[in-house]
Amino acid sequence: MFLLVSTAILALVAGIGIFLVACQMMSSNLESASSNRLKTLFSNVGKSRLLGVGIGALGTAAIQSSGATTVMVIGFVNVGIMSLTQAATIIYGANIGTTITAQIVALGLSSGGGLSTTAIFAAFAGIGAFVALFAKQDMGKKIGGILAGFGMLFVGLSMMSEAMDDFARLDSVKLFLASISNPILLVVIGAVFTAIIQSSSVMTSVAITMVVTGLISLNQGIYLTLGSNIGSCVVALIAGMTSGLNAKRTALIHLFFNCFGVMVFLLGALVLRVATAGMWNFGTIFEYLFPGVPQLQLAMFHTIFNVMTVVIVLPLTDVLVRMVSQIIPEPLTQHSLTAQPHFYFVDEKMLRTPIIASRQVKLEIEHMALLAMTNYDRSLRMVTRLDFSEREAFVEDEKELDFLNHELVKYIVKLNALSLPEADHQYLTTAIRSVSDLERIGDYAENITEYADILQANKESFSEEAIAEIEQMRNLVFQVYQYTMKAYMDTDREAYWQAHDFEDQVDDLNDEMERLHIERMSKGQCTATVGAQYIELASNSERISDHLINVGKTIGGLYPR
C-alpha cells in the first residue's frame with residue numbers, strides 16, 4: 001500500500017508539473033504569436049461594458065491565462081490608461097475565458113470505445129516539438145510551441161488521471177475524501193491549493209479527474225472549483241498591492257467579484273437543499289442535464305457559474321467601484337506620491353506580457369519627450385523674462401528625466417531579453433538610443449536655466465530684438481518636436497521629413513542669430529556676457545532639434561525623397 005500511495009503521489013505531482021509547464025508554454029507562444037492584435041486588444045476598451053467583458057474573455061481564451069490578463073489590466077490601471085470600471089469588465093470577462101481550459105480537459109477525458117481522445121491530443125506534444133525544431137521562421141517555431149504545449153496538457157492530464165485511478169483503488173483514501181462533505185471546507189481547500197500553485201486551471205483539472213475516477217462526488221468537485229475562483233485572486237493581489245492606488249483597487253475588485261460569486265452560489269445551494277429537503281443540489285442538477293459524462297458536468301458548471309456571476313455583477317459595477325474606492329481612499333495629499341520619480345506607462349508586472357510592455361515603452365518615451373520639451377519651454381521663459389516661478393517644477397521634471405534615463409533603459413534591457421517578435425526587438429534596441437537623446441534635451445534645457453542665473457546675477461537681460469529671435473527659435477524647435485513625435489508614434493515617414501525641413505530652418509536661424517549677435521556687438525547694443533548667453537542658447541536649441549531628429553530616425557525606412 002505504501003508503495004502504491006508513493007507512486008500515485010509522485011505521478012500526481014509530475015502530472016501537475018507538466019500541466020503547469022504546458023499552460024505556460026501555450027500562454028507565452030499564443031501571446032507572442034498574437035503580436036500587434038494582442039498589443040491593442042486590452043487598451044481599446046470603450047465605454048461599452050459588454051465590450052469589456054468580451055475583450056477580457058477573448059483575450060484570456062487566446063493566451064490561456066486569466067492571471068496574465070488580470071496582471072496586465074492592473075498594470076494598465078496603475079499607469080492611468082484604463083479606468084477602474086473598464087478594468088472591472090475585463091476581469092469579469094477573464095473569468096469566463098479561463099473556463100476554456102476546463103472544457104479542453106473535459107474533451108480530453110471523453111472517449112468512446114475507440115482510440116482515447118487523450119492519446120490523440122497528447123500526440124500533439126511530439127508534433128509540435130518537431131515543428132518547432134525544424135521550422136525556419138519565428139512564427140513556425142511559435143506554432144510548434146503552441147502545439148507542443150497543447151499536447152503536453154494532455155500528457156499531464158493523463159498522468160494526473162492515472163494517479164487518481166491508483167488512489168481510487170484505496171478504500172482508505174476514498175473514505176477520507178468522502179468524509180469531507182462540508183461545502184465551506186471544500187471551498188477553502190480549493191482556494192488554498194489554487195493559491196499555492198497559482199493556477200485555477202490546474203485546480204479545476206484536478207477536480208475533474210477526481211470526479212471522473214470516482215474519488216469525489218460531483219458536488220464535492222463543484223465546491224473545489226468554487227474555491228479555485230477565490231484562490232486565483234492571489235496573483236492579482238500580489239501584483240496590485242505592490243503597485244499604485246488604483247492598482248490596489250483593481251486587485252480588490254477582482255477579489256470581491258470572485259468572492260461575491262462564490263457566496264451567491266453557496267447561498268443558492270443552501271436554499272436549494274432546504275427547498276427540496278436535501279433531494280437536490282448543484283451536483284444532481286448537472287448530472288441530470290449532462291447524464292453519464294462527469295467531466296462535462298463539472299466543466300459546464302464552471303462555465304455557467306462564471307457566466308452567471310458576470311450577469312449578476314455587471315449591473316452593479318459602479319457600486320463595486322465606489323465600494324473599493326471608499327475602502328482604499330485617496331490619500332490626504334498627493335505630494336508624497338508625485339515627489340519621487342516613477343514610471344508612468346510601464347510596470348515590472350507588465351514583463352509577464354512582453355508584447356504589451358513593448359507598446360507601453362513607446363508611450364513612456366513619448367511622455368519623456370513631453371517632459372524634456374516642457375522643461376525646454378520653461379528654461380526659455382526663465383532666460384527671456386527672468387521669471388523663476390517654475391524653477392521647482394523644472395527641477396522635479398529634470399529628476400524624472402534622469403530617473404527614466406537610468407531605469408527605463410534597465411527595463412528595456414530586461415524586456416528585450418524576453419520572447420518577442422523580431423520587429424519588437426529591433427524597436428527596443430533603438431528605444432535605448434531615444435531615451436539617451438531625450439535625456440540630453442533635458443541637459444540642454446538645464447544649461448539654459450544656468451544662463452538665466454548668470455543674467456540675473458549680473459542684473460542684465462536680453463533686448464526685445466533678441467527675445468523675438470529666441471521666440472522664433474522656440475517656435476521652430478517645437479515644430480520639429482511635434483512632427484518628430486507624430487513620426488515616432490505613428491511610424492509616419494512623411495511627418496519625419498516635415499520635421500527634417502523645420503530642423504533645416506533651425507540650423508539656418510542659428511547661423512542668422514550668430515550674425516545678428518555680432519552686428520549688435522559691433523554697435524555696442526549688448527554686453528559680452530549677454531552676447532555669450534545668447535549664442536550658447538541658440539546653439540543649445542539647435543542641438544535639441546538634432547536630438548529630436550535622432551528620435552525620429554529610429555522609425556527606419558527613411559530614404560531620400
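Here the side chains of R378 and T449 are not in contact, with every heavy-atom distance at 4.5 Å or above. At least one side-chain heavy atom of L370 sits less than 4.5 Å from a side-chain heavy atom of Y481. Side chains of N375 and E398 form a contact here, defined as non-hydrogen atoms less than 4.5 Å apart. Within the 4.5 Å cutoff, side-chain heavy atoms of L50 are placed close to those of L314. In this structure, the side chains of M373 and L548 come closer than 4.5 Å at one or more pairs of heavy atoms. For the pair M513/L509, a side-chain contact is recorded, criterion being any heavy-atom separation below 4.5 Å from C-beta on. You'll find the side chain of R359 stays beyond 4.5 Å of the side chain of K362, heavy atoms only. With a 4.5 Å cut-off on side-chain heavy atoms, L428 and L420 count as touching.
Residues meeting the side chain to side chain donor-acceptor pair (under 3.5 Å) test with H425, sequence neighbours left out: N416. Residues that satisfy the ring-ring contact (aromatic ring centres under 6.0 Å, His included) test with Y427, not counting sequence neighbours, are absent from this structure.
A centroid separation of 6.0 Å or more is found between the aromatic rings of F394 and F388.
The backbone N or O of V346 lies less than 3.5 Å from a partner atom in the side chain of E364, making a donor-acceptor pair. A donor-acceptor pair under 3.5 Å is formed between the side chain of T89 and the backbone N or O of Q86. The main-chain N or O of V321 is found under 3.5 Å from a side-chain atom of S325 such that the two form a donor-acceptor pair. In this structure, the side chain of S358 does not engage the main chain of P354 through any donor-acceptor pair within 3.5 Å. A donor-acceptor pair under 3.5 Å links the side-chain atoms of S379 to the main chain of Y376, judged by distance alone. At least one donor-acceptor pair closer than 3.5 Å links the side chain of D387 to the backbone N or O of S389. Judged purely by atom type and a 3.5 angstrom limit, E400 uses its side chain to pair as donor or acceptor with the backbone of H342. Here the side chain of E542 pairs no donor or acceptor atom with the backbone of V506 at under 3.5 angstrom.
With Y496 as the partner, the side chain to side chain contact (heavy atoms under 4.5 Å, CB included) test is satisfied by one option alone out of I549, T554, T491, T484: I549.
Here E450 contributes atom CD and L537 contributes atom CG; the two are 12.5 Å apart, rounded to the nearest 0.5 Å. In this structure, E407 CD and E348 CD are separated by 9.0 Å, a value rounded to the nearest 0.5 Å. Note that CG of L408 and OH of Y344 are 13.0 Å apart. Values are rounded to the nearest 0.5 Å. Note that CG of L516 is 4.5 Å distant from CD of E512, once rounded to the nearest 0.5 Å. With rounding to the nearest 0.5 angstrom, the CG atom of N447 is 9.0 Å from the CD1 atom of I544. The CG atom of L476 sits 9.0 Å away from the OG atom of S545 when rounded to the nearest 0.5 Å.
Of all the heavy atoms in A431 and I412, the pair that sits closest is CB-CD1, 3.9 Å. Here the shortest heavy-atom pairing between A135 and G140 reads CB-C, 3.6 Å. The shortest heavy-atom contact between L386 and V383 is CD2-O, 4.2 Å. Heavy atoms only, all atoms of each residue included: A132 and K141 are closest at O-NZ, 3.4 Å. Here the closest heavy-atom approach between residue I555 and residue A487 is recorded as CG2-O, 3.4 Å. The shortest non-hydrogen separation linking F343 to L404 is CD2-CD2, 3.7 Å.
With hydrogens and angles left out, the side-chain atoms of Y92 and T317 include a donor and acceptor closer than 3.5 Å. Checking T99 against N306 by side-chain atom types alone, no donor-acceptor pair falls below 3.5 Å. Looking only at atom types and distance, the side chain of E469 has a donor-acceptor partner in the side chain of Y534 under 3.5 Å away.
Using bins of under 30°, 30° to 60° and over 60° for the plane-to-plane angle, the ring pair H500/W497 lands in the tilted bin.
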Stepwise side-chain contact (heavy atoms from CB on, under 4.5 Å) check, I55 with L58: CA-CA 5 Å; I55 287 176; L58 179 62; 5.9 Å; no
Show your working on side-chain contact (heavy atoms from CB on, under 4.5 Å) between N95 and H254 and close with a plain yes or no. CA-CA 10 Å; N95 273 33; H254 188 213; 3.9 Å; yes
Apply side-chain contact (heavy atoms from CB on, under 4.5 Å) to the pair E503 and D507, showing each step before the final yes or no. CA-CA 6 Å; E503 198 274 334; D507 291 342; 3.2 Å; yes
For N540 and Y451, run side-chain hydrogen bond (donor to acceptor under 3.5 Å, both in side chains): C-alpha distance rounded to whole Å, both residues' side-chain angles, the deciding distance at 0.1 Å, then the answer. CA-CA 11 Å; N540 283 175; Y451 307 151; 2.9 Å; yes
Could you go step by step and tell me if M382 and I448 meet the side-chain contact (heavy atoms from CB on, under 4.5 Å) rule? CA-CA 8 Å; M382 290 184 203; I448 295 172; over 6 Å; no
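Salt-bridge formation is detected for the pair D318/R49: a Lys NZ or Arg NE/NH1/NH2 atom is positioned less than 4.0 Å from an Asp or Glu carboxylate oxygen. Between K486 and D492 there is a salt bridge, since at least one side-chain N of the basic residue sits less than 4.0 Å from a carboxylate O of the acidic one. Using a 4.0 Å cut-off between charged side-chain N and carboxylate O, E519 and R515 make a salt bridge.
Residue E422 places its CD atom among more than 12 non-hydrogen atoms of other residues, nucleotides or ligands, all under 6.0 Å distant.
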Which donor-acceptor pairs under 3.5 Å do side chains of residues 432-443 form with protein atoms, sequence neighbours excluded?
from	atom 1	to	atom 2	distance (Å)
S434	OG	T430	O	3.3
D437	OD1	H547	ND1	2.7
D437	OD1	N550	ND2	3.3
R440	NH1	D443	OD2	3.1
R440	NH2	Y444	OH	3.2

